[in-house]
Amino acid sequence: MKYKKFINEYLSFTKKETKGVIVLLTIIVIIFLLPLFFPFFINHKANKMDDDFIAAIKALKADSSNEHGYKDDYYNDYSVPGKYKKNAIIINPHPFDPNTISESGWIQMGIRPKTAATIRNYISKGGKFKSPEDLRKIYGLSPEIADKLIPFITIVPNEKDSREIYASRPYLNQNYPSQNYKTRVINSVNINLADTSEWIALPGIGSKLSQRIIAFRDKLGGFYSIDQVGETFLLPDSTFQKIKPFLIFDNSPLKKININLASLDEMKIHPYLRYNIANVIVQYRNQHGDFKNISDVKKIVIITDEIYNKVAPYLTLN
């Protein structure tokens, strides 16, 4: 009797209590099983992207150095065949003296500005290239790039260097005495008549620059001033100042443009006119009739005195 009484008092539940126990047990089971479902809610695609990103960073770090210790992009461009072709450096060498070529001259041949600055600092601190092979000593310049440049190097020794060479090698004096050494002679160049070979003979002028100078001269219709040579596209001012003493001018006749007859297409190809100025000249002529004097073009608002002074020698009414 006592046993049944105990069960009825302590182990029996009302319907409400029974529902509460069932809900509580259900919650406990859900909490216990919930960790098993976590993998189904994780974004595996995001994890894969993170893994790919980390792998790419590791690969980039591995490529940024090599067994020779070069940190310059030159090495990466040429050390592995077929690699980095999109960023491969194009070298355009021409005959040059590494002791006299300007920093911009190095850059024009395809050398990175950082490496060109290194060479400039080397020269400015008293460094000197005594042989073409000395180019390999420049930090940041890969052996592959040096191999491309060395065949074009021509080192012209000055008088002091030649004396030192003969003093250190007495056997040279037998056939090539230092007092008879002939330094390089640079001939004067007529800016309106010189061909590419004459321009290339000047210091710092290669085949491409010589072609640009002649092309600019032809588009202008001839030079009327030596300073016009310095306006050539991609001709460094330092190079122009170096060659300027060797340039001569002979008042050769210029090819002129008849502003009363020339079409827009004929005028716009002139470097000092281009489309904008050529167009307003034609429009003004259509509205006001033929020009009476060359100076009448100054009546056009956009033609300043500076523009007029540059282009006037190329204009004619005949």
By the ring pair (Phe, Tyr, Trp, His ring centres under 6.0 Å) test, which pairs, at least two apart or in different chains, include something from residues 231-262?
none
side-chain hydrogen bond (donor to acceptor under 3.5 Å, both in side chains) for S263 and D265? Distances and angles first, verdict last.
CA-CA 5 Å; S263 66; D265 289 336; 5.2 Å; no
Taking all atoms of both residues into account, what is the closest heavy-atom pair of A262 and I257, and its distance?
CB-CG2, 3.6 Å
Ignoring hydrogens and angles, tell me if any N or O in the side chain of T115 forms a donor-acceptor pair with the backbone of I111 under 3.5 Å.
no
Working to the nearest 0.5 angstrom, can you tell me the gap between I119 CD1 and S102 OG?
11.0 Å
May I ask you to check if K310 and Y272 form a cation-pi contact, with NZ or CZ under 6.0 angstrom from the six-membered ring centre and within 45° of the axis?
yes
Return the CG to OG distance between N190 and S252, rounded to the nearest 0.5 Å.
5.5 Å
If you count the non-hydrogen atoms of other residues, nucleotides and ligands that lie under 6.0 Å from NZ in K208, is the total more than 12?
no
Would V282 and V311 show up in the same hydrophobic cluster when neighbours are defined by side-chain heavy atoms closer than 4.5 Å?
yes
Between T232 and L235 (side chain of the first, backbone of the second, donor and acceptor by atom type, cut-off under 3.5 Å), is there such a pair?
no
For a quick test of reading the model, state the closest non-hydrogen atom pair linking P98 to I155 and the distance between them.
CD-CG1, 4.0 Å
Quick one: are I259 and T316 in side-chain contact, heavy atoms under 4.5 Å?
no
With the threshold set at 4.0 Å, does a side-chain nitrogen-carboxylate oxygen contact exist between D227 and K244?
yes
Looking only at heavy atoms, what is the nearest atom pair of A116 and I107, with distance?
CB-CG1, 3.9 Å
L193 side, atom CG; D250 side, atom CG - distance, nearest 0.5 Å:
5.0 Å
Linked, directly or transitively: L317 and L264 (ILVMFWY side chains, under 4.5 Å)
yes
Using a 4.5 Å cut-off between side-chain heavy atoms of Ile, Leu, Val, Met, Phe, Trp and Tyr, which other residues end up in the same hydrophobic cluster as L24?
I28
T239 and G204 have their tightest heavy-atom pair at CG2-O, 3.8 Å
State yes or no: do I243 and I248 share one hydrophobic cluster built from I, L, V, M, F, W and Y residues joined by side-chain heavy-atom distances below 4.5 Å, directly or via other members?
no
Find the distance between CD (E103) and OG1 (T118) and round it off to the nearest 0.5 Å.
9.0 Å
Does any donor atom in the side chain of N293 or S295 lie under 3.5 Å from an acceptor atom in the other side chain?
no
Report yes if some heavy atom in the side chain of I277 is under 4.5 Å from a heavy atom in the side chain of V297; otherwise report no.
no
Carefully, step by step, assess E266 and N258 under the rule side-chain contact (heavy atoms from CB on, under 4.5 Å).
CA-CA 10 Å; E266 291 172 330; N258 189 322; over 6 Å; no
Might you work through the side-chain contact (heavy atoms from CB on, under 4.5 Å) test for V229 and R217, ending with a clear yes or no?
CA-CA 8 Å; V229 177; R217 181 183 69 191; over 6 Å; no
Counting distance only, does the side-chain N/O of D296 pair as donor-acceptor with the main-chain N or O of K292 below 3.5 Å?
yes
Between the side chain of N192 and the main-chain N/O of F223, is any donor-acceptor distance below 3.5 Å?
yes
Do K268 and N276 come close enough that some side-chain heavy atom pair is under 4.5 Å?
no
Are any of the side-chain heavy atoms of T154 and D97 separated by less than 4.5 Å?
no
Apply salt bridge (Lys or Arg N to Asp or Glu O under 4.0 Å) to D218 and K255, showing your working.
CA-CA 9 Å; D218 292 342; K255 181 181 178 182; over 6 Å; no
I'd like to check N187 versus E198 (side-chain heavy atoms, cut-off strictly below 4.5 Å). Are they in contact?
no
Are L209 and Q108 close enough that some pair of their side-chain heavy atoms sits under 4.5 Å apart?
yes
Could you walk me through whether L273 and Y314 pass side-chain contact (heavy atoms from CB on, under 4.5 Å), step by step?
CA-CA 10 Å; L273 293 177; Y314 298 102; over 6 Å; no
Would a 4.5 Å heavy-atom cut-off, applied to side chains only, mark L254 and P313 as touching?
yes
Applying the 4.5 Å side-chain criterion to the ILVMFWY set and letting contacts propagate, would I191 and I186 be lumped into a single cluster?
yes
How are the rings of Y284 and F291 set to each other: parallel, tilted or perpendicular (split at 30° and 60°)?
parallel
Least distance between heavy atoms, R136 atom then P143 atom
NH1-O, 3.9 Å
Given M267 and I281, is the side-chain contact (heavy atoms from CB on, under 4.5 Å) satisfied, shown in steps?
CA-CA 9 Å; M267 281 194 281; I281 291 176; 4.1 Å; yes
Y122 (side chain) donor-acceptor with K128 (main chain) under 3.5 angstrom
yes
Measuring from I303:CD1 to K298:NZ, what's the distance to the nearest 0.5 Å?
10.5 Å
Which heavy atom in D290 sits nearest to a heavy atom in R285, and how many Å separate them?
OD1-CG, 4.2 Å
Using the rule that Ile, Leu, Val, Met, Phe, Trp and Tyr join whenever any side-chain heavy atoms are under 4.5 Å apart, tell me whether L234 and L202 fall into a single cluster.
no
F129 and I153, any side-chain heavy atoms less than 4.5 Å apart:
no
NZ of K148 to CG of N92: how many Å apart, nearest 0.5 Å?
10.5 Å
In terms of relative ring orientation, are W106 and F96 parallel, tilted or perpendicular, with 30° and 60° separating the classes?
perpendicular
